[in-house]
Colleague: 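Just dropping this structure here.
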Amino acid sequence: MKKIKKNQSPLSFSKKGKIRSDFANRVVAVVSKIPKGKVMTYGEVARKAGKAGASRAVGYWMSKNYDLKIPCHRVIRSDGKIGNYNRGGTKAKTALLKKEGAVL
DNA sequence: ATGCTGACGCTGG
DNA sequence: CCCAGCGCCAGCA
């Protein structure tokens, strides 16, 4: 038998069980899979989510769902710069990554 | 569908 | 570091 549906992680961006978008769910899954001490760019996340180039869409969900239930602070810009965090807490994000030992 | 917005990516200044 | 323009995409009114 085959698994009709994969695990529905509680991290998924959904409304009371209703999936908003497969894309959003994928993004959360990828980000939550980022190992500690490592960072992933929005572009990479979007690519793994199946939507290469949807870097904006990725950040969009972060801003809308920055529950901090996912290591969104491990998601940085392609330049290696921080980008944004919690409506402008770039400082906190930088310190957080440095503390974890992320290679910037 | 259309228009606007947004935690992007890149190039240029 | 900042800003401007263009291209990219998903979400929402």
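Reckoned from all heavy atoms, side chains included, excluding hydrogens, waters and symmetry mates. Remember, predicted model here, so these are calculated numbers, not experimental data. Reminder, nothing fancy here: chain letters follow the sequence lines and each chain counts from 1.
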Colleague: Considering only C:dG11, B:dA7, B:dG9, which nucleotide approaches the side chain of A:C72 most closely?
Modeller: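 The listed nucleotide nearest to A:C72's side chain is B:dA7.
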Colleague: Nearest-Å distance, CD (A:E44) to C1' (B:dA7)?
Modeller: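 Rounded to whole Å, this separation is 17 Å.
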Colleague: Report the distance from atom CZ of A:R26 to atom P of C:dG11, rounded to the nearest whole Å.
Modeller: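 Atom-to-atom, A:R26 to C:dG11, this comes out as 12 Å.
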Colleague: What's the CZ-P distance between A:R47 and B:dG9, to the nearest Å?
Modeller: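 Rounded to whole Å, this separation is 14 Å.
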Colleague: Considering Watson-Crick and G-U wobble pairs with both distances under 3.5 Å, what does C:dA10 pair with?
Modeller: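 Across all strands, the one nucleotide that pairs with C:dA10 is B:dT5.
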Colleague: Looking only at heavy atoms, what is the nearest atom pair of A:P71 and A:S32, with distance?
Modeller: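 Smallest interatomic distance, heavy atoms only, reads CD-CA, 3.7 Å.
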Colleague: Indicate yes or no: at least one non-hydrogen side-chain atom of A:V31 is less than 4.5 angstrom from one of A:M40.
Modeller: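 Result no, sub-4.5 Å side-chain heavy-atom pair not found.
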Colleague: Roughly, in whole Å, what's the span from CH2 in A:W61 to P in C:dA10?
Modeller: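 Spelled out: CH2 on A:W61 to P on C:dA10 is 11 Å.
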Colleague: Given B:dA7, is OP1 or OP2 found less than 4.0 Å from the side-chain N or O atoms of A:R77?
Modeller: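 The answer is no; no side-chain N or O of A:R77 sits under 4.0 Å from OP1 or OP2.
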Colleague: Taking all atoms of both residues into account, what is the closest heavy-atom pair of A:R74 and A:I34, and its distance?
Modeller: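 So the minimum-distance heavy-atom pair works out to NH1-O, 3.1 Å.
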Colleague: In this structure, how many angstroms lie between the P atom of C:dC9 and the CG atom of A:D22, rounded?
Modeller: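 For the pair A:D22 CG and C:dC9 P, the rounded distance is 17 Å.
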Colleague: Using the side-chain heavy atoms of A:Y42, tell me which of these nucleotides is nearest: C:dC9, B:dA7, B:dG6.
Modeller: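 Nearest to the side chain of A:Y42 among the choices is B:dA7.
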Colleague: Check whether any side-chain nitrogen or oxygen of A:S78 sits under 4.0 Å from OP1 or OP2 of B:dC10, and answer yes or no.
Modeller: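 Result: yes.
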Colleague: What is the distance from atom CH2 of A:W61 to atom CG of A:N25, rounded to the nearest 0.5 Å?
Modeller: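 If I round to the nearest 0.5 Å, the distance is 10.5 Å.
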Colleague: Please determine, for the side chain of A:S21, which listed nucleotide (C:dG11, C:dC9, B:dA7) has the closest atom?
Modeller: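 Per side-chain heavy atoms of A:S21, the pick is C:dG11.
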Colleague: Quick one: does A:V27's side chain get under 4.5 Å of A:M62's, heavy atoms only?
Modeller: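 Yes, close enough: below the 4.5 Å cut-off.
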Colleague: To the nearest angstrom, how far is A:K64 atom NZ from C:dA13 atom C1'?
Modeller: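 Going from NZ in A:K64 over to C1' in C:dA13 covers 11 Å.
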Colleague: Write down the distance between OH (A:Y60) and C1' (C:dA13), rounded to a whole number of angstrom.
Modeller: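 Interatomic distance, OH of A:Y60 to C1' of C:dA13: 11 Å.
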Colleague: Any idea which of B:dC10, B:dA7, C:dC1 is nearest the A:K81 side chain?
Modeller: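 Output: C:dC1.
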Colleague: Taking CD1 from A:I82 and C1' from C:dC1, how many angstroms apart are they, rounded to a whole number?
Modeller: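 Rounded to the whole Å, the gap is 15 Å.
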